[in-house]
Amino acid sequence: MFRIGHGYDVHRLDSNRKLILGGVEIPHTAGLLGHSDADVLLHAVTDALLGAAAMGDIGGLFPDTDSRYKDADSLEFLRAAAKELARRGYSISNIDATVVAQRPRLSGYMPDMRKNIARACFIGEDRVSVKATTEEGLGFTGACEGIAAHAICIIY
Ligand code: MG
């Protein structure tokens, strides 16, 4: 039986933070605010994995009130979720994600993002898709107030 999971996340941009997306540090005028490294893409992907197995969400597993996760590397969250899926007997078929950001341009960083996600999930890069879009200057992403990410994951 195939199961599908969906993840969605948003983080606010802040000029005092580093921008980390898909485990890649990206030069930009602002980064994302959050308790962990605020990697919005990895948070959406982690939630998609957890959702596929009906295992709750990233906030349940790694609460932002827990000081252990202060400035945490979100690849660790993703790896932990993937390990828990494997422990329960699930395999990941594929992951498809979209980052919604007005700036910066992300295309040059996609190969490294895919590689990081694939490694953390113990799957091949051909099973991981990362895309990016702007929202044409509309809404909070268009105003560069934040970055959003959507992800879906199929497991079996
Ligand atoms: Mg988040």
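Note that ligands are numbered from 1 as they come in the structure, with each ligand's atoms numbered from 1 the same way. Because the structure is a prediction, the values reported are computed rather than measured. Note that these values count all heavy atoms, side chains included, but never hydrogens, waters or copies made by symmetry.
The side-chain heavy atoms of Ile20 and Leu32, taken from C-beta on, include no pair separated by under 4.5 Å.
For residues 19-72, the set of pairs meeting the ring-ring contact (aromatic ring centres under 6.0 Å, His included) definition, not counting sequence neighbours, comprises His11-His43, Phe62-Tyr69, Phe62-Phe77, Tyr69-Phe77.
Around the CZ atom of Arg12, the shell of radius 6.0 Å holds no more than 12 heavy atoms that belong to other residues, nucleotides or ligands.
Shown are Leu78, Ile152, Ile58; of these, the side chain to side chain contact (heavy atoms under 4.5 Å, CB included) with Val45 is made only by Leu78.
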Show every donor-acceptor pair shorter than 3.5 Å between a side-chain atom in residues 96-110 and any protein atom, with sequence neighbours excluded, or say none if there are none.
unit_1, atom_1, unit_2, atom_2, d
Asp96, OD1, Ser129, OG, 2.7
Asp96, OD1, Lys131, NZ, 2.6
Asp96, OD2, Lys131, NZ, 3.1
Thr98, OG1, Lys131, NZ, 3.1
Gln102, OE1, Gly137, N, 3.0

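Alongside Phe140, the hydrophobic cluster contains Tyr8, Val10 (criterion: ILVMFWY side chains under 4.5 Å).
Inside a sphere of radius 2.8 Å centred on the Mg ion (ligand 1), the protein N/O/S atoms present are Asp9 OD2, His11 NE2, His43 ND1.
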